[in-house]
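Because only heavy atoms are used, hydrogens play no part in the values below, and waters and symmetry mates are left out as well, while side chains stay in. Order of the sequence lines fixes the chain letters, A, B, ..., with proteins taken first and strands second; residue numbering starts at 1 for each chain.
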Amino acid sequence: MPEGHTIHRLARDHVRDLAREPLQVSSPQGRAVETARALDGRSFAKIDAYGKHLLYRFEDDLTLHVHLGLFGRFRRQHTPPEEPKGEKRLRMIGERWTVDLSGAVACTLIDPEEEAALLSRLGPDPLRRDADTERFVAALRKRRIPIGAAIMDQKVVAGIGNVFRAEALHVNGIDPRLPARELGDERAMVLWGTMAKMLADGVRERRIVTIRGADDKPVSAGRATKGEGPRARADRVRHRTVHVYRREHCHDCDAPVVRSTMASRTVYECPVCQPEGSAGPSPTPSLAEGEAAGRLF
DNA sequence: AGGGTATGGTAAT
DNA sequence: TTACCCTACCCTC
C-alpha cells in the first residue's frame, strides 16, 4: 500500500480520528512493549509526514516514528475494538476509533538527535509545503545513475515508490535507464511537477490514479476474455487506474509493457512511449518556468 | 498446504 | 548485487 500519498493520508486520518484525546496504547504481540508503555494514556497533538515516514507528536515531547516498509498496514475499527487477530504490533484505542498497526519496519520512539539523522537522509517531499524543488534538480544534475533509480532514492525525492516511478516516467516519455544528469533542469522541473500532482491526487483519492477519468469499478473487465490467462485478467481488473505499472499493455498505445529489474525492483515501461535514451519531448516554456508544481493542484 | 508476489529499505558482501 | 525482514493475499495443487 504505502508510497508517500498513503503516508500523508494516514497522517490526516489519524489526526482526525485520534488526536487530542487520551489513548490506550498497547502492543498485543509484545514486540513494541516499551514503546506502548511510554505512550499509554497520553495523547498526540499532531503528526508530521516526511516521505514515507510518520512522526506522531505525543505529550511530553515524545515522538513515535512509524515506517510501514513494504508490508506495514494500519487498520481502523470502532471503539471498543475486537480481540486482535494476526500480527498486531501496536494498538491505539481512542474514544471513538481504534487503530492497529501490523507489519511495520519501524515503530519506535525517537529522540531529536535520531530524528535529525532521519530527516537528513531524506530529500524534498513534493507533498510538503516546505519542499525545496531546487534540491531535487541539483541532485539529479550530479548523478550518473539511471533516472529510474534516482527517483526511487529517498534522498533525491522523498515519497516516490515503484508505482509512481513507473507512472511519472511514462507520462513524461522518459527512458528509466537515462542517466539522471542527462535529463536537464527544465525536464527535471516538469518531472517534479508530475510527481507532486500524482502524489496529491493519491492523497485525495486514497489510491493511485494516473488515468484521467479512470474508474475502476469493474464492468465487463471482471470477465475473462477468451485466451486471456488468469494473471493477465487479474492485472487488468486490479490495475486499470495506471498506464504501465503491472500492466501487460500500455494504456496509451497498447504496446506490450516491458518489465526489467533495477535495484531488485521491477521496472515497467512502454518502449514506444519511452524510447531508449529518451528524455521526453521538449518542455513547453510555461512548464519549464518551474512554477508547474504549485499551479497544477 | 504451499508457492509466488507486493506500492520498502537496510546491511552485508 | 544479494540476503533478509517476515505480513497478507492470491493462485494452484
S.K.: Return all side-chain donor-acceptor pairs below 3.5 angstrom for residues 99-108 of chain A, not counting sequence neighbours, or 'none' if the list is empty.
M.R.:
residue, atom, partner, partner atom, Å
D100(A), OD1, R91(A), NE, 2.7
D100(A), OD2, R91(A), NH2, 2.9

S.K.: Provide the distance between the two P atoms, one in dA8(C) and one in dT10(B), to the nearest whole Å.
M.R.: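 Result for the P pair: 22 Å, nearest Å.
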S.K.: Does R42(A) have any side chain to side chain donor-acceptor pair (under 3.5 Å) partners at least two apart in sequence or in another chain, and if so, which?
M.R.: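 Residues passing side chain to side chain donor-acceptor pair (under 3.5 Å) with R42(A): D60(A).
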S.K.: Not counting sequence neighbours, which residues clear side chain to side chain donor-acceptor pair (under 3.5 Å) with R143(A)? List them please.
M.R.: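 R143(A): side chain to side chain donor-acceptor pair (under 3.5 Å) contacts with D153(A).
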S.K.: Expressed in angstrom and rounded to an integer, what is the separation of R259(A) atom CZ from dG4(B) atom C1'?
M.R.: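 It is 13 Å, rounded to the nearest whole Å.
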S.K.: Could you check how far OH of Y268(A) sits from P of dT5(B), rounded to whole Å?
M.R.: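 So the two atoms are 10 Å apart, to the nearest Å.
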S.K.: Could you list, one pair per line, each protein nitrogen or oxygen that sits under 3.5 Å from a nitrogen or oxygen of nucleotides 9-13 of chain B, together with the distance?
M.R.:
residue, atom, partner, partner atom, Å
dG9(B), OP2, K52(A), NZ, 3.0

S.K.: Suppose we screen for side chain to side chain donor-acceptor pair (under 3.5 Å). Which residues come up paired with N162(A), at least two apart in sequence or across chains?
M.R.: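 With sequence neighbours excluded, N162(A) shows a side chain to side chain donor-acceptor pair (under 3.5 Å) to R165(A), given in chain and number order.
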S.K.: Specify the separation, in whole Å, of atom CE of M198(A) and atom P of dT7(B).
M.R.: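 One finds 16 Å between P of dT7(B) and CE of M198(A), rounded.
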S.K.: Rounded off to whole Å, could you give me the CG-to-P distance for the L90(A) and dT7(C) pair?
M.R.: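 Spelled out: CG on L90(A) to P on dT7(C) is 16 Å.
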S.K.: Nearest heavy atom decides the nucleotide; on that basis, is L70(A) or S102(A) closer to the 5' end of DNA chain C?
M.R.: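 Per heavy-atom nearest nucleotide, the more 5' residue is L70(A).
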S.K.: Could you give the CG-to-P distance, from L101(A) to dA8(C), as a whole number of Å?
M.R.: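 From L101(A) CG to dA8(C) P: 11 Å.
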S.K.: Please answer whether the main-chain N or O of G159(A) pairs with a side-chain N or O of Q154(A) as donor and acceptor at a distance below 3.5 Å.
M.R.: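 Yes, the answer is positive, given that a donor and an acceptor are paired below the 3.5 Å cut-off.
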S.K.: Partners of S26(A) by side chain to side chain donor-acceptor pair (under 3.5 Å), sequence neighbours excluded?
M.R.: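 Result, side chain to side chain donor-acceptor pair (under 3.5 Å) vs S26(A): none returned.
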S.K.: Quote, to the nearest angstrom, the P distance that separates dA3(C) from dG4(B).
M.R.: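 Those two atoms are separated by 15 Å.
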S.K.: Check this for me: does any side-chain nitrogen of one of K88(A) and E82(A) sit under 4.0 Å from a carboxylate oxygen of the other?
M.R.: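 Salt bridge absent between K88(A) and E82(A).
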S.K.: Identify the stems formed by DNA chain C, where each pair is Watson-Crick or G-U wobble with both distances under 3.5 angstrom and a stem is at least 3 consecutive pairs.
M.R.: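 As far as DNA chain C goes, consecutive pairing (with distances under 3.5 Å) yields the stems B:1-6 with C:7-12, B:8-12 with C:1-5.
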S.K.: Using atom P of each nucleotide, how far apart are dA1(B) and dC6(C) to the nearest Å?
M.R.: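 It comes out at 24 Å once rounded to the nearest Å.
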S.K.: Using atom types as modelled, flag every donor-acceptor pair under 3.5 Å from a side chain in residues 16-23 of chain A to any protein atom, sequence neighbours excluded.
M.R.:
residue, atom, partner, partner atom, Å
R16(A), NH1, D13(A), OD1, 3.4
D17(A), OD2, R76(A), NH1, 2.9
E21(A), OE2, E95(A), N, 2.5

S.K.: Heavy atoms under 4.0 Å, any strand shown: does L68(A) hit a base, just sugar-phosphate, or nothing?
M.R.: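 The residue L68(A) makes no contact with any strand.
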S.K.: List the residues meeting side-chain contact (heavy atoms from CB on, under 4.5 Å) with A168(A), not counting sequence neighbours, and say none if there are none.
M.R.: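 Applying side-chain contact (heavy atoms from CB on, under 4.5 Å) to A168(A) gives L191(A), T194(A), M195(A), M198(A).
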S.K.: If you look at every strand shown and take non-hydrogen atoms under 4.0 Å, does R75(A) touch a base, only sugar-phosphate, or nothing?
M.R.: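 Sugar-phosphate, backbone atoms only, no base.
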S.K.: Whether R31(A) contacts dC6(C) is assessed here as follows: a side-chain N or O lying under 4.0 Å from the phosphate OP1 or OP2. Is that the case?
M.R.: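 For R31(A), the contact criterion (side-chain N or O under 4.0 Å from OP1 or OP2 of dC6(C)) is met.
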S.K.: Rounded to whole angstroms, how far apart are NE2 on H5(A) and C1' on dG8(B)?
M.R.: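 Between C1' of dG8(B) and NE2 of H5(A): 14 Å.
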S.K.: Using whole Å, what does the distance between atom C1' of nucleotide dT7(C) and atom CZ of F74(A) come to?
M.R.: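 Whole-Å distance recorded here is 14 Å.
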S.K.: State whether R204(A) and D201(A) are salt-bridged, where the test is any N-O pair (Lys NZ or Arg NE/NH1/NH2 against Asp/Glu carboxylate O) under 4.0 Å.
M.R.: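 Counted as a salt bridge, because a side-chain N and a carboxylate O are separated by less than 4.0 Å.
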S.K.: Can you tell me the distance, in whole Å, between the CD atom of E3(A) and the C1' atom of dG8(B)?
M.R.: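 One finds 9 Å between C1' of dG8(B) and CD of E3(A), rounded.
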